[in-house]
Amino acid sequence: MTNPEIQSARPTEMAKAYEHQPVEQSLYAWWERSGFFAPRADAPNPPFVISIPPPNVTGELHLGHAMFVTIEDLMIRWRRMQGFQTLWVPGTDHAGIATQSLVEKLLRSEGTSREAVGREEFLRRTWEWKEKYGGQIQNQMRRLGASCDWARERFTLDAGLSRSVHTAFKQLYDDGLIYKGTYLVNWSPTLGTAVSDLEVEYETRNVSIWYVRYPVITEGWAGPQHAWGSGRWAEGATEWITVATTRPETILGDTAIATAHGDERFATLLGRSAVLPALARHIPIIADEYVDKEFGSGAVKITPAHDKNDYEVGKRHGLAQISILNKDATVNAEGGPYQGMDRFAARKAIIADLEKEGLLVKTEPHTMSVGISQRGGEIIEPLLSEQWFVRMRPLADLALAAVREGRTRIVPERFEKVYYHWLENIEDWCISRQLWWGHRIPVWYLPDGTMVVPGPDEAPPEGATQDPDVLDTWFSSGLWPFSTLGWPDQTPDLATFYPTSVMETGYDILFFWVARMMMMGCYLTQTEPFHTIYLHGLVRDEHGRKMSKSYGNVVNPLVVMGEQGTDALRFTLATSGTPGQDINLNPQRIESARNFANKIWNITRFVISKLQIALPNPQSAITNPQSAMTLADRWIVSRYHRLCLDENRLMEGYNVGEAGRQMQDFLWGEFADWYVEIAKVQLEGDEQRQQLTREVLYTVLEGTLRLLHPYIPFVTEEVWQYLTRVEGGEPGPTHSLMLAAYPAGDAAFIDAQAEVNWGMTQELIVAIRNIRSEYKVEPARWVAATVVAGDRAGMLREQAALISRLGRADAAKLEIVESLEVKPSQSAAIVIGTLEAYLPLAGLIDLVAERARLTKELEQAEADVSRREAKLANEGFVGKAPANVVQRERDSLEAARAALMALRGRLAELP
RNA sequence: GGGCGAUUAGCUCAGUUGGUUAGAGCGCCACGUUGACAUCGUGGAGGUCGGUGGUUCGAACCCACUAUCGCCCACCA
């Protein structure tokens, strides 16, 4: 669809209210088909690039997505309008665990399983699922108005990215940064895979701690003579050592008991052997720095294969590592009588047996944090297993330096500290997963066990078998900014668009993703992958609670967009908070953003109705600040340019919330509430006045639409198409607001005097309205007014028509004078600084009420004067405050005194 | 244990390097459909900016302590 079609598809008359549904759909389709999302080769400014945080391919749009799409799209649209060569790269993540779990569930519903169908068939089924359902998140992002270049869409598991992953792995491996080894890892028994430290969440739980005594070998007792479970197992033992444990089943893997150095209580036991319950293994009693003598019994059972600290103790003392669990968390052959039991069943059984044998000293309640799988929710088991790791120290140092040296900046800045702390204390990253869906580790084993890592373009050696594991999903995401542009090949895209500009995402994935991209990018591409990291907050419900299905407080963005419009959702998300701060999404705020869209629609409808004919050259008249504009014209133009300058400053500083709010305040609170009303009066003037008013209306509205477009693209584009419709002419195919220039603002148009003078006029009008309201003057009635304005009288006389109309003061009975000998009686008085006004309201004036009203004002004026007098009497203030601040205070005092005198005079005159 | 954020009007939030009378939306009160808009307009009420102390001529803003809520990291036999 070309642009003329878009315009001719519109009715001649704008409807009375804005309807978002048809507009959003047709505009997005037109933008996309017209190629507006692709980077412009002829852009005058350098590239500006954002890589989208790829949503999980299994994902359904939620507010987190809506948040990042909104902010990234507004950044992209803003820079595009500024003439940057913008590229926003979209894509999705294969999400290893999430996707595999989903397809496994599917298979279970068919009565089969991953194991039953085999690896090849499972992958085929998963790809099939991906092709069929994996596209919905992209279309949901389209509904948000995302102006990303869909032609460059990528998937973390597509051929190109797989090549990047393979290349990255090989390079890290060849450089000695990837190694394979048997270590204690976080094991998820239900998923059947290792997970990284980050994928374990800790939850505080109330558990039990069991105190268990182990018999110690003595001269008179060489070990149990009776079977475990006989109740006589420890018969004859005379010395004991008691340990405390929260996981009694791990007793089966104990290889020592440790005490603190120099703990008197255990001095005689040190160096001797205790006998392990159930298995009767003799284990040494040792001393180690790890033990805190204050905690528990002061002695710790050491299970190197099932606890991280014990693992370290074991290494220091050369202890054996005995793993007692299978991969499914059942007890293995090392567990003797408990073999085959699930870890929790074994725990229960061993406690019962310990009690029976008289070895259970006591049980106490205990609070501890338990590691939970982020994905599956089950308790993570530390398990000894052979895995692949990335040596992080050298990579982390590069990523640290990039931020420390300012090559990459984090917004808001406070997250730099969090970033430093994590990278400074980083541990090696377990990257292998015992899954099938993902990038298979590009390592082949020859029959003799030799490992071979061929390049991505090399065939694996004959007869070799590939490692069965796949890589952590975040390994491929870590390459995203450059893998999506073609790396490792030196493609034109990579040359043009890399490094990227801004990485915008939620602070919750700073470690998972952002830090890893920094490390991978700095190491593999020798440059930081982006110059700015912008972190947004999380979206919570209106009272700050996390959104969750169990609370029933989840807001579905698709529903909101359907009901209130995409612009309403975007504007709310963009303006509800400040960078890095969580936002509490208030439904009323969305409604008010919806109303704002409608307001824009109606303002435009008004302006168009007054334009009548196409403007010959809409911008011409007000390119010259010295033209024949009225005070009000100069005021709104000045305010508009001030807004433009502020917007540019705020956007450059990533203050997207404040930037959005200021535009709304201007358009609604100043342009619509005041200038539109002013224009109605000016449009009754002579031809030149009318024409100039139209030009101001057009120019300011059109410019403000440009400013607003990045935030609320749909309604602005739609009304802009109406507003700029060329009667009898054909707009070009690129006649789109999204390609229009972003207003820079021009300080030459800022007219401080006009702002002050119009401000005073406005205050007078508001004061008149206030009096009318207080005295219950019927809205239809025109009142007389006398304004005493001293040297401002001339200026205000020029505003008489506006004061009259906007304050509903009878033009024939509106007097504006320098001074007045006799004040009108039967009048309500207004005092604004040195300005006085009288509204003769014969019959309406209640002298008692008027006196009360003026007395209240008088009290305020007195307080005002004395406060200012005190301030100016303060030598410190006069001596140290800047001259302009002091002068401003003097001026204010003068006005306050004048007001005070006027009020006193008026009260004295009242009969 | 270490770190971070928040605390401002009834509610949800702003407040640009300290400087006139601390703002907005919603809600509330009163009035109003004059041809852009009732998804609206006009007027109004409502806050000693969590507390204490300090720095300063001047503090919502800077510093110290403190309270409450929330989050992150580490540890937990």
Side-chain angles (χ1 to χ4, degrees), chain A residues 14 16-18 202 204 209-211 243-247 258 290-292 295-303 307 309-310 366-370 414-415 417-418 421-422 425 507-508 510-511 537-538 540 542-544 564 575-578 580-589 591-610 646 649-650 653 655 657-658 661-662 664-665 669 672-673 676-677 680 766 769-774 776 778-780 808 860 864 867-868 871 874-882 884-886 888-889 891-893 895-896:
Chain A
M14 291 173 77
K16 201 169 174 185
Y18 173 55
Y202 289 89
T204 302
I209 185 165
W210 290 272
Y211 287 72
V243 299
T245 180
T246 54
R247 295 187 295 155
Y290 161 65
V291 182
D292 171 7
F295 191 94
S297 65
V300 189
K301 60 189 273 311
I302 301 298
T303 323
D307 183 277
N309 289 304
D310 292 6
H366 185 66
T367 304
M368 65 179 283
S369 60
V370 179
R414 65 173 185 271
F415 285 104
K417 213 170 155 181
V418 181
H421 184 259
W422 190 71
N425 297 289
Y507 65 74
D508 54 328
L510 177 61
F511 306 145
L538 276 34
R540 321 183 76 95
E542 60 191 303
H543 301 299
Q564 316 272 39
T575 61
S576 284
T578 50
Q581 199 62 39
D582 290 353
I583 71 162
N584 295 348
L585 188 67
N586 189 339
Q588 287 175 329
R589 210 169 168 131
E591 201 174 309
S592 126
R594 190 265 320 242
N595 296 350
F596 180 45
N598 188 59
K599 188 76 182 180
I600 293 170
W601 177 267
N602 276 292
I603 292 168
T604 309
R605 206 155 74 96
F606 169 79
V607 171
I608 289 173
S609 76
K610 298 303 175 192
D646 282 344
R649 175 178 56 81
L650 290 166
N655 292 306
E658 189 58 19
R661 288 185 290 267
Q662 287 205 9
Q664 181 176 22
D665 288 349
D673 288 350
V676 163
E677 298 306 317
K680 288 175 184 171
V766 170
R769 288 170 172 173
N770 180 357
I771 294 288
R772 295 177 55 103
S773 176
E774 283 196 31
K776 311 251 186 286
E778 316 88 272
R808 292 193 81 72
Q860 280 171 4
D864 199 26
R867 184 161 35 81
R868 289 180 199 288
K871 202 168 185 180
N874 183 336
E875 284 173 27
F877 175 70
V878 179
K880 293 186 181 174
N884 64 322
V885 173
V886 177
R888 207 163 49 198
E889 196 61 28
D891 294 346
S892 299
L893 176 60

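Below, read A as the first sequence line, B as the second, and so on, with proteins coming before strands; counting in each chain starts at 1.
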Considering residues at least two apart in sequence or located in another chain, which fulfil the ring pair (Phe, Tyr, Trp, His ring centres under 6.0 Å) criterion with Trp210(A)?
-> none
Which is true for Ala672(A) with a 4.0 Å heavy-atom rule: it touches a base, it touches only sugar-phosphate, or it touches nothing?
-> base
Write down the protein N/O and nucleotide N/O pairs, taken from nucleotides 9-11 of chain B, whose separation is under 3.5 Å; answer none if there are no such pairs.
none

Contacts of Asp864(A) meeting side-chain hydrogen bond (donor to acceptor under 3.5 Å, both in side chains) (sequence neighbours excluded), chain-then-number -> Arg867(A), Arg868(A)
Who pairs with Glu677(A) by side chain to side chain contact (heavy atoms under 4.5 Å, CB included), at least two apart in sequence or on another chain?
-> Lys680(A), Leu806(A)
Do any N or O atoms of the protein come closer than 3.5 Å to N or O atoms of nucleotides 71-75 of chain B, and which pairs are they?
residue	atom	partner	partner atom	Å
rC75(B)	N4	Ser369(A)	OG	3.2

With sequence neighbours left out, write down each residue that passes salt bridge (Lys or Arg N to Asp or Glu O under 4.0 Å) with Arg540(A), or none if nothing qualifies.
-> Asp582(A)
Under the ring pair (Phe, Tyr, Trp, His ring centres under 6.0 Å) test, residues paired with Phe606(A) that sit two or more places apart = none
Nearest-nucleotide wise, let me know which of Asp307(A) and Arg414(A) is further upstream toward the 5' end of RNA chain B.
-> Arg414(A)
Has Arg868(A) got a side-chain N or O lying under 4.0 Å from the OP1 or OP2 atom of rU21(B)?
-> yes
At under 4.0 Å between heavy atoms, which parts of nucleotides 40-48 of chain B does protein reach? Answer with one letter per nucleotide, 5' to 3': B base, S sugar-phosphate only, - none.
-> SSSSS----
Across all chains, not counting sequence neighbours, the side-chain hydrogen bond (donor to acceptor under 3.5 Å, both in side chains) partners of Gln662(A) are Glu658(A)
Taking the side chain as every heavy atom from C-beta outward, state whether Glu542(A) and Pro587(A) have any atom pair closer than 4.5 Å.
-> yes
Produce the list of close N/O pairs, under 3.5 Å, pairing protein atoms with atoms of nucleotides 58-60 of chain B; give distances to one decimal.
none

Note every stem involving RNA chain B: at least three consecutive Watson-Crick or G-U wobble pairs, i with j then i+1 with j-1, with both distances under 3.5 Å.
-> B:1-7 with B:67-73, B:10-13 with B:23-26, B:28-32 with B:40-44, B:50-54 with B:62-66
Taking side-chain hydrogen bond (donor to acceptor under 3.5 Å, both in side chains) as the test, write out the residues that go with Asp891(A), two or more places apart.
-> Gln887(A)
